[in-house]
Structures are given as C-alpha cells and as structure tokens.
There are 2 protein chains.
Amino acid sequence: MNSFLGTYSISLDDKGRFNVPAKFRSALEQFGPQLVVCVMDHYLVVFPQNEWSENEVKLSDLNAFDKNDRNRLREFYSKATECEMKSGKILLPANQREIAGLNKEAILVGMSKTFEVWSPEEWHKQGQA
Amino acid sequence: MNSFLGTYSISLDDKGRFNVPAKFRSALEQFGPQLVVCVMDHYLVVFPQNEWSENEVKLSDLNAFDKNDRNRLREFYSKATECEMKSGKILLPANQREIAGLNKEAILVGMSKTFEVWSPEEWHKQGQA
DNA sequence: AGGAAAGTGTCTTAAAGTGTAACTTTATGT
DNA sequence: ACATAAAGTTACACTTTAAGACACTTTCCT
C-alpha cells in the first residue's frame with residue numbers, strides 16, 4: 001500500500017493522539033514518519049514530508065522582501081505544523097485540533113498522496129452538500 | 001526538524017525573553033544560536049545567522065549608488081540587531097519590542113527558513129485581511 | 001563609587017507529550 | 001463456527017516542555 005485510500009473512523013486519546021490505521025501506516029513508513037499537518041477550512045490535511053516539500057518548491061520563487069509575496073508565504077506556512085508518527089501514533093497539535101473541532105473522535109479520509117482529518121460533525125455537514 | 005513551521009502563542013518574561021518552542025529549538029541548534037532580528041512593518045523577523053548571510057547576498061545586487069536602493073538598504077539594516085539564544089531563551093531588544101508593540105504575549109509564526117514575532121493585536125489584524 | 005536598569009542562569013510547578021502494556025474488537029484461515 | 005492473529009482502544013506512568021519566579025551579574029549613568 002503506497003497511497004492513502006478510504007475512510008476511517010478513529011478515536012483520539014486524552015492527549016489528542018490517534019493510532020494510524022494499519023493501511024496508512026505502511027505508506028507512512030515508506031516515506032518516513034515526518035509529517036506536516038496543515039489547516040484547511042475546517043479540517044486538517046496531513047502531508048508526508050516529501051509531499052509537503054513538493055508544495056514548498058512551488059513557493060520558492062516568491063520574494064521574501066515583497067509584501068504581497070510575503071503575505072502569501074505566511075498564509076501558507078502559518079497554518080502548517082511539523083509532526084511525527086511515534087509508536088504508530090500521531091499527536092495532532094492542540095491549536096489545530098481546536099480549529100478542526102476535534103474531540104474524542106475523528107474521520108480519516110485518504111486522498112492518495114495525503115489524508116485528511118475531520119471532526120464527525122464537519123464530515124457529515126460536507127457529506128450533505 | 002529543519003525548518004520553522006506553525007504558529008505558537010508564547011509569553012514574554014518581565015525582561016522580554018521568551019522560551020523558544022521545542023520544535024523551533026532543534027532548527028536553531030542546527031544552525032547555531034546566533035540570530036539577526038529585523039523589523040518589518042509591525043512585526044519582527046528572526047533570521048538564523050546562516051539565513052541572514054544568504055539574504056545579504058540577495059541584497060548585495062542592489063546598487064549602492066542608486067538612491068532608492070540605498071534607502072531601502074538603510075531602512076533594512078538600521079533596524080536589524082544581532083542576538084542569541086541562551087539557555088533556550090531569546091531576549092528581544094527593547095527598542096524592537098517597542099516597535100512591534102510586544103508586551104507580555106507574542107505570536108511566533110514559522111516561515112520555513114525564518115520566523116516572525118507578532119504582537120497578538122497586530123496578528124489578529126492581519127489575520128482578518 | 002553607588003544605584004538603577006538591563007541581562008542571565010536556574011529552579012519549581014503545571015501542563016503537554018510519549019511509551020508501554022493490557023484489554024477489546026475486528027478480521028482471517030481452516 | 002471456532003481458534004487465532006491482527007488491529008484498535010484505553011489506561012497509566014514517565015518524560016519533556018513552558019511559564020513564572022527569583023537571585024545574581026553586567027552595564028550604564030550620574
């Protein structure tokens with residue numbers, strides 16, 4: 001399994017960690033446990049580190065001294081956090097959990113090269129639309 | 001962990017120091033504790049020393065005999081200060097804290113090779129825009 | 001020199017993060 | 001269907017981190 005597919009309903013422990021489903025774990029182990037978690041609207045997107053780097057390359061021709069470019073860079077970077085799979089688990093940063101409305105339960109959604117983390121509430125909302 | 005990512009809400013002590021978040025610390029230790037802090041609009045930008053050098057290279061192709069370029073360079077250099085991470089903490093220079101409106105609290109924003117320091121007020125302002 | 005202000009190191013405490021193991025549920029093979 | 005294995009959940013002890021306090025040092029000014 002080298003890509004993220006399918007929908008999983010998982011539970012978070014009291015510190016906000018979840019066990020990575022077995023089918024996702026192999027993909028993560030292949031790319032290394034380093035991840036970048038990024039906030040999108042009302043859900044989170046988890047990038048394996050290599051996948052994130054590709055996005056970053058696209059931004060590299062922006063000028064860090066140009067105000068507009070700088071704002072775009074900030075928009076992108078400020079929502080991201082590095083994290084790591086440890087002992088088969090991922091701890092989502094507290095501020096991101098809060099933004100995504102995550103509590104005891106979450107929905108993982110495979111998106112091939114990345115996967116998403118939704119609160120059950122948001123997930124059902126977007127299912128309706 | 002080799003880059004600055006994410007947004008952190010931190011507190012300054014009575015002397016204006018803050019604890020560097022663990023995820024930033026490893027990146028700083030990699031490049032050495034020497035930093036350059038410079039003022040941008042209403043926030044601060046912290047460069048690890050190596051990254052500062054690279055920026056200097058970029059700035060060096062500005063024309064030292066062109067009045068506008070010269071003004072931009074002066075603007076930039078005159079507000080920059082060297083500082084250092086000591087005992088895991090960074091002391092921001094008093095005049096820079098003042099310009100940035102920093103008091104007891106601050107927002108750190110990772111920008112990959114550098115990170116920014118915002119007052120909560122300014123940060124929320126720019127978040128709206 | 002004396003005093004005030006700024007800068008520095010270290011400790012304590014509470015909260016956040018981490019590893020492990022036992023237990024429950026789900027899946028698999030015969 | 002049953003036994004077995006794998007996956008997922010929960011609990012708990014341990015470690016690390018961040019905030020705040022405080023004492024000590026250095027610098028600067030008069």
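Nothing here was measured: the structure is a model prediction, and the numbers come from that model. Below, chains carry the letters A, B, ... as their sequence lines are ordered, and counting in each starts from 1.
Screening residues 5-22 of chain A for salt bridge (Lys or Arg N to Asp or Glu O under 4.0 Å) gives A:Asp13-A:Arg17 as the qualifying pairs, with residues at least two apart or on separate chains. Within the structure, ring pair (Phe, Tyr, Trp, His ring centres under 6.0 Å) pairs that include any residue of residues 82-113 of chain B do not occur (at least two apart or interchain). Within the structure, side chain to side chain donor-acceptor pair (under 3.5 Å) contacts touching residues 100-119 of chain A (residues at least two apart or in different chains) are A:Glu116-A:Trp118, A:Ser119-A:Glu121. Note on residues 71-103 of chain B: pairs passing ring pair (Phe, Tyr, Trp, His ring centres under 6.0 Å), not counting sequence neighbours, are A:Phe65-B:Phe76, B:Trp52-B:Phe76. Listed by first and then second residue, the ring pair (Phe, Tyr, Trp, His ring centres under 6.0 Å) pairs that reach into residues 85-105 of chain B come to none, sequence neighbours excluded.
Nucleotides of DNA chain C that come within less than 4.0 Å of any heavy atom of chain B span, from the 5' end to the 3' end, C:dG7 to C:dT10.
Residues that satisfy the salt bridge (charged side-chain N to carboxylate O under 4.0 Å, His left out) test with B:Arg97, not counting sequence neighbours, are absent from this structure. Remark: A:Glu75 engages A:Lys79 in a salt bridge (charged side-chain N to carboxylate O under 4.0 Å, His left out) (not counting sequence neighbours). Evaluation of the salt bridge (charged side-chain N to carboxylate O under 4.0 Å, His left out) rule for A:Glu122 yields A:Lys125 as partners, not counting sequence neighbours.
Between its two ends, the helix from C:dA1-D:dT30 to C:dT30-D:dA1 turns its axis by 30°, counting five pairs per end and rounding to 10 degrees.
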### Message
At under 4.0 Å between heavy atoms, how does the protein contact nucleotides 13-27 of chain D? Give one character per nucleotide, 5' to 3', with B, S or -.
### Response
B---SSBBB-B----

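Regarding A:Met85, its CE atom lies at a distance of 12 Å from the P atom of D:dG8, rounded to whole Å.
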Output side-chain donor-acceptor pairs under 3.5 Å for residues 35-49 of chain B, partner residues at least two apart or in another chain, one line each.
unit_1  : atom_1 : unit_2  : atom_2 : d
B:Tyr43 : OH     : A:Arg70 : NE     : 2.9
B:Tyr43 : OH     : A:Arg74 : NH2    : 2.9

